[in-house]
Amino acid sequence: MAVTLDAPRFKHKVAVIGSGNWGTTVAKLVAENTREHPDLFEEDVQMWVFEENVVIASDSPHYDPAVGDAPQKLTSVINTHHENVKYLPKIRLPSNVVANPSLLDTVKDTSILIFNLPHEFIGSVCKQIRGHILPSARGISCIKGVTVTEDKVELICDYISETLGIYCGALSGANIANEIANELWCETTIAYNTPPCDRRTEIGAAATNGGQDQQHRDSRGAVSKVQLTPLSRDYPPIDHAELRKLFDRPYFTVSMVSDVVGVSLAGALKNIVALACGFIEGHGWNMTAKTAVMRRGMLETIQFCQEFFPETIQEMTFWESAGWSDMIVSCTSARNWRCSKLAVERGVSVYEVERTELNGQKLQGISTTKEVMSFLRGRGVENKYPLFKAVEGIVDGTFKVENIPVLFRH
Ligand SMILES: NC(=O)C1=CN([C@@H]2O[C@H](COP(=O)(O)OP(=O)(O)OC[C@H]3O[C@@H](n4cnc5c(N)ncnc54)[C@H](O)[C@@H]3O)[C@@H](O)[C@H]2O)C=CC1
Ligand SMILES: O=C(CO)COP(=O)(O)O
């Protein structure tokens with residue numbers, strides 16, 4: 001028997017939490033889509049900016065002689081010139097991207113929260129917004145990393161879900177922000193398991209019980225501890241079709257999947273392998289050595305997923321953009337690879353290259369390596385992951401790049 005539903009009264013309000021290189025790019029593409037789908041989304045997209053002062057160079061088209069070299073608020077520059085001059089220079093943002101320095105104001109009344117900032121800042125952000133978001137909000141994490149405590153490794157989207165009491169999916173893929181901001185075509189993967197209490201096309205308890213069925217399966221396939229507030233029927237649904245409308249662009253092809261674990265961990269762990277490939281190339285080896293490291297790195301990634309998140313891992317995920325494609329692009333053209341290559345070439349630390357070359361952008365690979373290794377060591381299984389361990393050793397100066405092949409000698 002079909003259930004007739006009233007038309008939703010509200011549209012989804014969308015916010016992007018983070019405004020770095022990728023955060024600003026995602027805000028741009030999402031804002032293009034909120035304009036194209038006024039039936040589903042409010043047009044304006046709030047983008048939370050970790051406020052800082054910037055100086056506009058005299059050769060910039062945004063230079064104002066009346067202001068000169070005086071520092072200006074980054075939010076004010078973005079909202080005036082529609083450009084994030086620090087983290088995504090030379091890219092025009094749609095005027096419906098609204099830079100907001102207040103985290104609480106950004107998330108107020110927001111029904112779709114897109115988390116997009118370096119993973120080390122997610123804890124502080126979640127603590128600040130806990131209790132200040134719509135209980136029925138839904139999240140998508142674009143963050144590549146994990147959170148680790150002594151005996152536990154946790155996906156970022158699960159951390160968000162547990163800290164905020166909302167459902168959160170994951171977006172990850174072979175995505176170089178500057179290319180996508182320039183509208184050069186690529187693919188991405190979004191993993192989202194629509195909670196039963198939000199499903200409207202199914203006839204049965206979830207659709208008809210007024211939202212009492214609040215349990216859902218978390219990324220591991222286990223029934224989550226989080227008691228969800230069902231998405232109000234005053235809003236349009238949030239399911240794969242709507243998420244595609246929010247993220248898919250002619251230059252950004254979205255694949256929707258359900259393997260949140262595989263998508264999240266492939267995105268986090270490839271950063272360790274990207275560092276290894278940069279070290280290899282900095283040492284003077286070439287593609288043949290790098291492909292060997294990519295293959296070994298992918299084997300350790302899959303092993304990690306199977307060992308610690310066995311229930312829902314789907315091998316097909318590694319053939320999605322979030323899998324092999326991201327491994328390849330990250331090991332040949334992304335920031336972690338570029339900076340680790342430069343570090344070996346210059347004989348300095350990767351931290352030093354991050355500081356001098358990235359103008360405030362952050363590498364995720366070093367902290368992820370340290371976090372993952374501390375977790376593996378806590379479990380006494382670090383020797384089962386020789387490549388990850390070697391990357392940690394190279395960063396710490398206790399292992400030499402030229403010894404990588406020795407790790408795999410029988
Ligand atoms: N840039 C890229 O091409 C891609 C990045 N990613 C992932 O996206 C996530 C976000 O990276 P990006 O946007 O590239 O960032 P970014 O590295 O370009 O920028 C750093 C950001 O951190 C902010 N920040 C600095 N201190 C802070 C603090 N104390 N609290 C909160 N924020 C602070 C800065 O304001 C800036 O927005 C990362 O997990 C990254 O791995 C994923 C795909 C592509
Ligand atoms: O995730 C990325 C490519 O898919 C970007 O990686 P970097 O952070 O190393 O630039």
Side-chain angles (χ1 to χ4, degrees), residues 16-29 47-54 73-75 78 84-89 91 99 101 103 106 114-129 140-147 155-157 160 170-182 184 186-190 252 263-264 266-278 320-342 350 353-355 357-369:
V16 179
I17 300 173
S19 54
N21 193 229
W22 187 223
T24 309
T25 301
V26 168
K28 170 185 178 289
L29 67 89
M47 176 174 78
W48 176 63
V49 175
F50 182 73
E51 189 68 289
E52 60 187 291
N53 288 325
V54 290
K73 298 280 183 218
L74 181 56
T75 45
I78 295 173
N84 186 338
V85 293
K86 175 148 186 195
Y87 294 103
L88 194 64
I91 298 294
L103 191 48
T106 301
I114 300 169
F115 297 89
N116 200 333
L117 70 175
H119 76 282
E120 53 269 40
F121 305 127
I122 190 64
S124 138
V125 159
C126 283
K127 281 172 193 134
Q128 289 177 67
I129 66 176
I140 294 287
S141 165
C142 305
I143 299 168
K144 291 181 176 173
V146 285
T147 61
L155 309 185
I156 300 286
C157 52
I160 292 169
L171 179 155
S172 185
N175 302 144
I176 302 285
N178 288 336
E179 295 188 13
I180 297 151
N182 279 296
L184 302 177
C186 74
E187 296 183 296
T188 203
T189 316
I190 299 179
F252 193 60
V263 166
S264 302
L269 300 179
K270 63 83 189 175
N271 280 331
I272 306 178
V273 188
L275 289 178
C277 280
E320 294 286 346
S321 180
W324 263 114
S325 307
D326 195 10
M327 179 68 82
I328 294 166
V329 84
S330 296
C331 293
T332 53
S333 55
R335 295 171 299 186
N336 283 282
W337 161 79
R338 187 158 41 93
C339 290
S340 55
K341 176 172 173 288
L342 280 177
V350 189
V353 180
E354 180 184 39
R355 195 179 60 76
E357 299 297 318
L358 288 189
N359 191 28
Q361 295 183 31
K362 304 276 182 212
L363 295 179
Q364 302 281 265
I366 306 173
S367 46
T368 301
T369 304

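Atoms within a ligand are numbered from 1 in the order they appear, just like the ligands themselves.
Between Ser19, Ser172, Pro118, it is Pro118 that holds the heavy atom closest to atom 22 (O) of ligand 1. The residue among Lys362, Gln364, Lys270 with a heavy atom at the shortest distance from atom 41 (O) of ligand 1 is Gln364. Relative to atom 44 (C) of ligand 1, the option among Asn336, Asn21, Asn175 with the closest non-hydrogen atom is Asn175.
Within the structure, the closest approach of Lys86 to ligand 1 does not fall below 4.0 Å when heavy atoms are considered. Under the 4.0 angstrom criterion for non-hydrogen atoms, Lys270 is in contact with ligand 2. Note on ligand 2: Ser330 sits in its first shell, one or more heavy atoms being nearer than 4.0 Å. The closest approach between a heavy atom of Gly360 and any atom of ligand 1 is below 4.0 Å.
With a heavy-atom cut-off of 4.0 Å, Phe121 touches ligand 1 through its side chain alone. Of all the heavy atoms of Cys142, the ones lying under 4.0 Å from any atom of ligand 1 belong exclusively to the backbone. Looking at Gln364 against ligand 2, nothing comes within 4.0 Å, counting heavy atoms. At a heavy-atom cutoff of 4.0 Å, ligand 2 is contacted by the side chain of Asp326 but not by its backbone. With a 4.0 Å cut-off on non-hydrogen atoms, Ala177 does not touch ligand 2 at all. At a heavy-atom cutoff of 4.0 Å, ligand 1 is contacted by no atom of Phe115, backbone or side chain. Proximity of Ile176 to ligand 1, defined as any heavy-atom pair under 4.0 Å, is confined to the backbone N, CA, C and O atoms.
Distances between N or O atoms of Gly173 and those of ligand 2 include at least one value under 3.5 Å. Ligand 2 has a nitrogen or oxygen under 3.5 angstrom from a nitrogen or oxygen of Lys144. Residue-to-ligand polar distances place Gly20 within reach of ligand 1: an N/O pair is separated by less than 3.5 Å. Checked by distance only, ligand 1 and Arg335 come closer than 3.5 Å through their nitrogen or oxygen atoms.
Ion pairing between a basic and an acidic side chain is recognised when a charged N comes within 4.0 Å of a carboxylate O; Glu52 and Lys86 show such pairing.
The protein heavy-atom contact nearest to atom 8 (O) of ligand 2 is Arg335 NH2, 3.0 Å. Atom 12 (P) of ligand 1 has its closest protein heavy atom at Trp22 N, 3.6 Å. Closest to atom 9 (C) of ligand 1 among all protein heavy atoms lies Asn116 OD1, 3.6 Å.
Heavy-atom proximity to Trp48, at under 4.0 Å, picks out these atoms of ligand 1: 31 (C). Less than 4.0 angstrom separates some heavy atom of Gly23 from each of these atoms of ligand 1: 13 (O). Of all atoms in ligand 1, listed by their number and element, those nearer than 4.0 Å to a heavy atom of Leu117 are 9 (C), 10 (C), 39 (O).
Ring planes of Phe252 and Trp22: perpendicular class, angle over 60° (limits at 30 and 60°).
Residues Glu51 and Thr75 bring a donor and an acceptor atom of their side chains to less than 3.5 Å of each other. Side-chain N/O atoms of Glu120 and Gln364 include a donor and acceptor closer than 3.5 Å. With 3.5 Å as the limit, one finds no donor-acceptor pair spanning the side chains of Asn271 and Thr368.
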